[in-house]
Amino acid sequence: MLFDPKPKESRKDLFDRENELMELKNSIEQGPLITLCIGVRRSGKTSLIRTFMNEYRYPSLYLDARKLSDYGYSRAGFLRLIADGFNEYRGLVDKLKDHLKKIKGVRISQIGIEFEYSSRDVSFSSILEQLDRYAEKHETIFLVVFDEAQELRFLSGYRRLDIRKIIAWSYDTLHNIKFILTGSEVGLLHEFLGFSDPESPLYGRVKNMVTVDRFSKEKSLEFLEVGFNEIGFSPPKEVLETVVEKLDGIPGWLALYGYTVAQKKRFDVLEEVLEEAITLALSEISKLKKYSELYLYVLRAIAIDCNTWKCIKNYIETKTGKILANARLYYILKNLENFSIITKENDEYVFLDPIYREASKRL
Ligand SMILES: Nc1ncnc2c1ncn2[C@@H]1O[C@H](COP(=O)(O)OP(=O)(O)OP(=O)(O)O)[C@@H](O)[C@H]1O
Ligand SMILES: [Mg+2]
């Protein structure tokens, strides 16, 4: 169902991403080792990748790095994440059994793969080596997909893991492994990977980018029409036009509207959907307060169209009664860009999503 609120897993539920699927395919088959999938929040990055994995059926590992916040940003937490990736599809471990058995500290049982977390022998590179051999033997490509890959940055540190180094090593050594990296905090992802940062292990390595854009106005209308048709609803065109205007072509919010209509069996739910979307966005941006109250002031300023550097600075200084150092404001704005909340257009800071703007007015 097009309006299912979960990330999509198959082509029949994924609206209009044929070009992006093709771009991904070309990138995996002919492009460099690393493909980045980028796009604003809720644009459908996870859906695109999950569908791609299911449709094209390369042997693959899907790893959602958010789980590390639960498993721990440690070697053991990372291995648990990898084990989950293997165990997600029953057939995968069976297929790879002979190769995985060669890695010390790996146990294969009825439930799937387990790692001896204490064993220093289990390393991500030894796993990749075996996946590479499997792919070579079967004349295929093994895909390693990191969703929310910006989270991997917390893994590096003393006696921990720098995934970038292992990717760089894989880049130089292995020939049948490809990485897809995506995340909702695009700036952080770029910063972490550091393709143009001489300090980064990935500096200068070639990557490809697949962008998942929001839908155009026409596509948004078509998305709603096709989705409603699928569930036997026929909403008036004017209603849909208002919905598209308010939700600005962001697939996640459009799907939420459709889903809510399907649940409540009426069309006048835009206000409720906006409220839900704003509440979601608000809970996300409110978390920034624990880093600094300044984030909230900056967001509030931009939300009321005080969006030049000078205006934001004046706004904060008036509100707090304190002088704000330029470096501090620069840091806060840069981070908000990195989190994919705002962007800079012609010297003005603007929200990427009107929902976040509305949420910021309530901070
Ligand atoms: N092309 C599409 N067709 C149908 N539904 C879609 C499409 N793209 C996104 N959606 C829906 O929008 C919502 C968000 O999609 P998804 O989680 O894939 O986006 P995302 O870009 O990964 O989001 P985030 O930035 O939060 O990680 C989900 O409900 C998904 O089902
Ligand atoms: Mg996602």
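All values below come from the heavy atoms of this structure, side chains included, with hydrogens, waters and symmetry mates left out. Just follow the structure's listing: the first ligand is 1, and inside any ligand the first atom is 1.
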Looking only at N/O atoms, are Phe215 and ligand 1 under 3.5 Å apart anywhere?
-> no

Between Gly44 and ligand 1, is there a nitrogen or oxygen pair with a distance under 3.5 Å?
-> yes

Contact atoms of ligand 1, heavy-atom distance to Gly252 under 4.0 Å | 12 (O), 13 (C), 14 (C)

Are Arg66 and Asp64 ion-paired here, with the side-chain N under 4.0 Å from a carboxylate O?
-> yes

Which atoms from ligand 1 have a heavy atom of Asp13 less than 4.0 Å away?
-> 3 (N), 4 (C)

Which protein atoms of type N, O or S are found under 2.8 Å from the Mg ion (ligand 2)?
-> Thr46 OG1

Are any of the N or O atoms of Ser184 closer than 3.5 Å to those of ligand 1?
-> no

Of all the heavy atoms in Pro5, does at least one lie under 4.0 Å from an atom in ligand 1?
-> yes

Compare Lys6, Glu9, Glu148 and give the one whose heavy atom is closest to atom 27 (O) of ligand 1.
-> Glu148

Taking only residues two or more places apart in sequence or in another chain, which ones pass ring pair (Phe, Tyr, Trp, His ring centres under 6.0 Å) with Phe3?
-> Phe223, Phe228

Heavy atom under 4.0 Å from ligand 1: found in Asp4's side chain, backbone, both, or neither?
-> backbone

Pull out every atom of ligand 1 sitting under 4.0 Å from any heavy atom of Leu14, numbered as shown with elements.
-> 1 (N), 2 (C), 3 (N)

From atom 14 (C) of ligand 1, work out which of Arg66, Arg214, Arg42 has a heavy atom at the shortest distance.
-> Arg42

